[in-house]
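We use all heavy atoms of the structure for the numbers below, so side chains are in, but hydrogens, waters and symmetry mates are not. Each residue takes its place number in the sequence, starting with 1. Everything quoted here is computed from the prediction, not taken from an experiment.
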Amino acid sequence: MDKAFEETLCRNFFDKRVRDRLAYELGTTKKRGEVLKKLSHTAEDYIRQTALQTRFEAPPEQPQIKAFLKSPDCYVISFSEISGSFSELPSALDVLYQNGMAYMLISTDLERAYLETENEFVRHRAYFLKQQ
């Protein structure tokens, strides 16, 4: 885990009232998954509205995600073994794309992020987030 990166991530993309709590939870091994659980069902309650670029009712195609992030590498927050690390974007998408669980891919410059929520059978939202 890169604590400084994750704190900046929280400042850039999440609402001021929740960013400290999310940064704390991301920084602890036991509570890390709580962030993804929150984002799975109530993402829009946590996302800073000025950072919300696009909301999708179903995840966009992988080439669209790659084009939006504009980075060959990304930082991963997920329930997988690659969580909390930098990874090549295509490799991360191979592991995570539409796997049914929530995850977040963040460009290495912390300017853009992709959030895919848990597949709830009725909806499977995804978000493009951009630092303003």
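Remark: aromatic rings of Phe86 and Phe5 are close, center separation under 6.0 Å. For Phe128 and Phe68, the distance between ring centers is under 6.0 angstrom.
A donor-acceptor pair is defined here as one N or O able to donate and one able to accept, closer than 3.5 Å; no such pair exists between the side chain of Ser83 and the backbone of Phe79. Here the side chain of Tyr114 pairs no donor or acceptor atom with the backbone of Lys66 at under 3.5 angstrom. Judged by distance alone, with hydrogens and angles left aside, the side-chain atoms of His124 form a donor-acceptor pair with the main-chain N or O of Thr117 at under 3.5 Å. Proximity of a side-chain donor or acceptor of Asn12 to a complementary backbone N or O of Leu110 within less than 3.5 Å is detected. Proximity of a side-chain donor or acceptor of Thr8 to a complementary backbone N or O of Ala4 within less than 3.5 Å is detected.
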For Leu105 and Leu93, what are the C-alpha separation, side-chain angles and deciding distance, and is it a side chain to side chain contact (heavy atoms under 4.5 Å, CB included)?
CA-CA 9 Å; Leu105 303 175; Leu93 283 170; 3.6 Å; yes

Could you go through the side chain to side chain contact (heavy atoms under 4.5 Å, CB included) check for Leu22 and Leu9 one step at a time?
CA-CA 10 Å; Leu22 294 178; Leu9 154 75; over 6 Å; no

After noting the C-alpha distance and the side-chain angles of Ser71 and Asp73, does the key distance pass the side chain to side chain donor-acceptor pair (under 3.5 Å) rule?
CA-CA 5 Å; Ser71 178; Asp73 298 318; 5.9 Å; no

Is there a side chain to side chain contact (heavy atoms under 4.5 Å, CB included) between Arg32 and Ile77 once you walk through the steps?
CA-CA 9 Å; Arg32 191 170 182 78; Ile77 297 175; 4.1 Å; yes

Candidate pair Leu129 and Leu52, rule side chain to side chain contact (heavy atoms under 4.5 Å, CB included), full reasoning
CA-CA 5 Å; Leu129 307 173; Leu52 182 57; 4.0 Å; yes

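Under a hydrophobic clustering in which Ile, Leu, Val, Met, Phe, Trp and Tyr are joined whenever their side-chain heavy atoms come within less than 4.5 Å, directly or via other members, Val18 and Leu26 fall into the same cluster. Val95 and Ile65 fall within the same hydrophobic cluster, defined by Ile, Leu, Val, Met, Phe, Trp and Tyr side-chain heavy atoms under 4.5 Å apart, directly or through other members. Under the 4.5 Å side-chain heavy-atom criterion for ILVMFWY residues, no single connected hydrophobic cluster contains both Leu69 and Phe13. The hydrophobic cluster containing Ile82 does not contain Met101, counting ILVMFWY residues as joined when their side-chain heavy atoms lie under 4.5 angstrom apart, directly or transitively. Under the 4.5 Å side-chain heavy-atom criterion for Ile, Leu, Val, Met, Phe, Trp and Tyr, Met104 and Met1 are members of the same hydrophobic cluster.
Side chains of Leu39 and Tyr46 form a contact here, defined as non-hydrogen atoms less than 4.5 Å apart. In this structure, the side chains of Arg11 and Glu7 come closer than 4.5 Å at one or more pairs of heavy atoms. Side-chain atoms of Ile106 and Cys74, non-hydrogen and from C-beta on, never get closer than 4.5 Å to each other. Side-chain contact between Thr54 and Tyr127: absent, with no pair of heavy atoms (C-beta onward) separated by less than 4.5 Å.
Listed by chain and residue number, Arg17, Thr42 satisfy the side chain to side chain contact (heavy atoms under 4.5 Å, CB included) test with Asp45 (two or more places apart in sequence, or in another chain).
For the atom pair Leu36 CG and Lys38 NZ, the distance stands at 11.0 Å (nearest 0.5 Å).
Between Glu34 and Lys31 no salt bridge is recorded (no basic side-chain N to carboxylate O distance below 4.0 Å). A salt bridge links Arg21 with Glu25; the closest basic N to acidic carboxylate O contact falls under 4.0 Å.
Checked by atom type, the side-chain pair Tyr75/Glu6 shows a donor-acceptor distance below 3.5 Å. Using modelled atom types, one finds no donor on one side chain facing an acceptor on the other under 3.5 Å when comparing Tyr97 with Gln62. One side chain, Ser80 or Ser78, offers a donor N or O that lies under 3.5 Å from an acceptor on the other.
The side chain to side chain donor-acceptor pair (under 3.5 Å) test with Gln131 is passed by exactly one of Glu111, Arg112, Gln53, Arg48: Arg48.
Across all non-hydrogen atoms, the minimal contact from Ala102 to Ser40 is CB-OG, 3.2 Å.
Each salt bridge (charged side-chain N to carboxylate O under 4.0 Å, His left out) pair with one or both residues in residues 50-63, not counting sequence neighbours, appears once here: Glu44-Arg55, Arg55-Glu57, Glu57-Arg125.
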